[in-house]
Colleague: 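Here you go, one structure.
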Amino acid sequence: MLALLPVAMAFAGGAADEHVQGKQEVRIGILTFAERSDTLNTWQATADYLARQTGHAIRIEPLTPSELDRQVKARALDFIISNQFVAVGYKKDWGASQLLTLIPADGRDPARAMGSALVVRAGVSVTRWQQLTDLKIVSTDPRAFGGFLIFAGEMVRRGLDPVRDLPGLSFAGFPQTKLLQKLWLNEADMAILPACVLEQAIARGEYPQGAFDIALAKATSGFACGVSSELYPYTTLSKLGHTQSALATEVARALLSMEANTAAAISGGYRGWSVPVNDNRVFALKHTLREWPFQTNWQRVASAAMPWFGAIVLCLLLGYLHHLRIKRLVVKRTRALETEIEQHRETQRAFNEQQRQFYRAQRVLLTGEMASGISHELKQPLAGIRYLAQGCLYRLKDNEPEIASALGGVLTQVDRAQETISRLRSFCQQPSRSVPYRVDTLIEETLALISPELKRLKLEPSLALTEVEARLDPGLMTQVLVNVLLNALDAMAGQPTPWLGIALEAKDSDYLIRVSDNGCGLTEAQLSRLFFPFESAKADGLGLGMVICKRIVEEHGGKISAQNRFHHSAIEGQIYAPIHSSPCGLEICIEMPRGAAHD
């Protein structure tokens, strides 16, 4: 009963406009340092009394200090009944106002009814506050008013720090009667309890008379219990800032009209309620302990700032993680770029080497064709020289041996010249080596080979390629395609909108390559001698390129032809003619057998 009053009790309430069964619900909770069930038994009669007097539904709930803080912060309370220390602390942030003060059942003055008692086992002598530094002391909670805060104020006024100077101090939690049990079992040297808790426990028969003493006791007139500190106002009823004044008036009026012999007062262990008493000593205690309003409540400030601080820390963490991710991506992409650059260099080196090999092979082919052409051209004059020399020998008389010897020498040198030309021609001829190869791939590789020339003309070839595989010599066929394509590009050098069409058509046993351009074309005379050696329409040309192409194609068993193209050709108009075609151009057709492509 009364043992619950010195330990800071509170009523927890809900929203003032909530209704239960047509009545306004007033939620009342009790801040307690005792057992929850004991607190409910003590205050349920008071709740029933208020329900009868006000007509409202009354709901009570015992609360620990931390639970009370959460309920107040959530605006889930209408009234609190607490010790004066807690009530004053709620003034700043939650607008708490004291309405009434509880009158103790033993007749103590409500203004001087709370204090701390330092309980020790009988026979233990403690005469000075400095002796407490060597003792093993227990208390319930750092926020217990009579159980610790009043005691802490007494120590501070004597120049002692209640935490630093008490290395043996510990907090055992609720209920408060647990502390007396620790003393009884010799698990502690001293217990800090609210005044009168010891006397009430002995009165209930829980411990024998004289088992415990009050250390550093003070003489107090009109106060029946042992106490070791100054006395402070008793438990108070407060309303919170959001509670309606009309409701507060109803509750206060009902409690003030309560008689001492009512069931509510007897069950609660109190005599009744009075108007608020002077709480100056509570403010003085707060000043001593450096608590609000005399010092910023950093715990509350920290609690309010914690979400913002957490959000800032989270943003910084996310920013740092994002920085690490970006840094990792930069490193990864830098490595990929370096790898790509190195691959590009390797590709460029391979491309350059391929170009060198191509031009070297082209020079070899050109040399072979030149040798072939020269041998062809020289054979006839050499044959003429031989025939003339032989004719002269037949006509010589036997008495002219010197001339006969000279003509024989001429014949010998002619034979040597012809043999030398034949050997040179045989040496310069390059035999082909056929392998299975994709013709469309070969065309694409050839376009990549001459890509600088295409870029120079800003030309994108029009392709119509079919997948074709055949047996061929890739190197020699590349020579053919390069010669044909470069001739087409040279023919379009003066065109404002050059166009190049390449088509690959597959037939039953062979395939056809068409290369078309919109260049200047050829005259009929030039077209008829296109594949003759040393015949060229270019001012600086040797006239061997198309001869080489013809020889290579024929060596593969194919044939090559050329014809001028005109915009009125139905087939070319459908397949090859560009949007802005010239009325003339040239078309090279290469027809090749597939051979045993899959052998």
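Starting from 1, each residue takes its place in the sequence as its number. Computed from a predicted structure; not experimentally measured.
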Colleague: Quick check: closest heavy atoms across Ser82 and Ala87, and the distance to 0.1 Å?
Modeller: OG-N, 3.5 Å
Colleague: Calculate, to the nearest 0.5 Å, the distance between atoms CZ and CD belonging to Arg333 and Glu340 respectively.
Modeller: 12.5 Å
Colleague: Would a 4.5 Å heavy-atom cut-off, applied to side chains only, mark Ile513 and Val515 as touching?
Modeller: yes
Colleague: Step by step, work out the side-chain contact (heavy atoms from CB on, under 4.5 Å) result for Val26 and Arg59.
Modeller: CA-CA 6 Å; Val26 180; Arg59 179 180 174 184; over 6 Å; no
Colleague: Is the shortest side-chain heavy-atom distance between Leu289 and Phe85 below 4.5 Å?
Modeller: yes
Colleague: Please report the closest heavy-atom contact between Glu67 and Pro62, naming both atoms and the distance.
Modeller: OE1-O, 4.1 Å
Colleague: Grab the two heavy atoms, one from Thr140 and one from Phe171, that are nearest each other, plus how far apart they are.
Modeller: O-CB, 3.7 Å
Colleague: Can you name the one residue among Val468, Val553, Asp510 that meets side-chain contact (heavy atoms from CB on, under 4.5 Å) with Met592?
Modeller: Val553
Colleague: Determine the minimum heavy-atom distance between Ala525 and Ser528, stating which atoms define it.
Modeller: O-OG, 2.7 Å
Colleague: Quick one, Glu587 and Asp517 - any side-chain contact, counting heavy atoms below 4.5 Å?
Modeller: no
Colleague: Tell me, with the steps shown, if Leu447 and Leu463 meet side-chain contact (heavy atoms from CB on, under 4.5 Å).
Modeller: CA-CA 11 Å; Leu447 289 174; Leu463 302 178; 3.8 Å; yes
Colleague: Find out whether Leu485 and Ile502 are in side-chain contact, i.e. whether some heavy atom of one side chain is under 4.5 Å from a heavy atom of the other.
Modeller: yes
Colleague: Nearest 0.5 Å, please: how far is CD in Glu346 from CZ in Arg349?
Modeller: 4.0 Å
Colleague: Out of Asp473, Leu476, Ile560, Leu472, which residue meets the side-chain contact (heavy atoms from CB on, under 4.5 Å) rule with Ile552?
Modeller: Leu476
Colleague: Please tell me if the side chains of Arg325 and Leu321 come closer than 4.5 Å, counting only heavy atoms from C-beta onward.
Modeller: no
Colleague: Can Glu469 and Arg594 be counted as an ion pair, charged N to O under 4.0 angstrom?
Modeller: no
Colleague: For the atom pair CG (Leu459) and OG (Ser451), what is the distance rounded to the nearest 0.5 Å?
Modeller: 12.0 Å
Colleague: Tell me, please, which residues at least two apart from Phe309 pass ring pair (Phe, Tyr, Trp, His ring centres under 6.0 Å).
Modeller: none
Colleague: Should Cys589 and Leu512 count as side-chain neighbours, where that means a heavy-atom distance under 4.5 Å?
Modeller: yes
Colleague: What heavy-atom pair brings Cys549 and Val484 nearest, and what distance separates the two atoms?
Modeller: SG-CG2, 4.5 Å
Colleague: Between atom CD of Glu524 and atom CG of Leu527, what is the distance when rounded to the nearest 0.5 Å?
Modeller: 6.0 Å
Colleague: How long is the straight-line distance from CG of Leu77 back to CD of Glu61, given to the nearest 0.5 Å?
Modeller: 9.0 Å
Colleague: Given the rule in the side-chain contact (heavy atoms from CB on, under 4.5 Å) test, do Met492 and Asn518 qualify, once you have shown the distances and angles that lead to the verdict?
Modeller: CA-CA 7 Å; Met492 295 185 293; Asn518 65 342; 3.0 Å; yes
Colleague: Would Arg551 and Glu554 satisfy salt bridge (Lys or Arg N to Asp or Glu O under 4.0 Å), going step by step from the backbone distance to the final call?
Modeller: CA-CA 5 Å; Arg551 184 179 66 80; Glu554 289 177 349; over 6 Å; no
Colleague: Determine the sole option in Leu68, Thr32, Ile80, Val72 for which the side-chain contact (heavy atoms from CB on, under 4.5 Å) test with Leu63 is passed.
Modeller: Leu68
Colleague: Between Thr334 (side chain only) and Val330 (backbone N and O only), is there a donor and an acceptor less than 3.5 Å apart?
Modeller: yes
Colleague: Please give me the minimum heavy-atom distance between Leu465 and Ala503, naming the atom from each residue.
Modeller: CD2-C, 4.4 Å
Colleague: Does the side chain of Asp440 pick up a donor-acceptor pair with the side chain of Tyr511 at under 3.5 Å?
Modeller: no
Colleague: Can you check side-chain contact (heavy atoms from CB on, under 4.5 Å) on Asp78 and Leu240, steps first, answer last?
Modeller: CA-CA 6 Å; Asp78 292 312; Leu240 295 175; over 6 Å; no
Colleague: Contact between Pro474 and Val435 at the side-chain level, heavy atoms closer than 4.5 Å - yes or no?
Modeller: yes
Colleague: With a 4.5 Å heavy-atom cut-off, do Lys73 and Gln71 have their side chains touching?
Modeller: no
Colleague: Do you see a donor-acceptor pair shorter than 3.5 Å between the side chains of Glu445 and Tyr437?
Modeller: yes
Colleague: Look up atom NZ in Lys550 and atom CD1 in Ile590, then write down how far apart they are to the nearest 0.5 Å.
Modeller: 13.0 Å
Colleague: Determine whether a donor-acceptor pair (N or O, by modelled atom type, separation under 3.5 Å) exists between the side chain of Asn564 and the backbone of Leu522.
Modeller: yes
Colleague: Considering only NZ, NE, NH1 and NH2 on the basic side and carboxylate oxygens on the acidic side, decide whether Glu505 and Arg514 come within less than 4.0 Å.
Modeller: yes
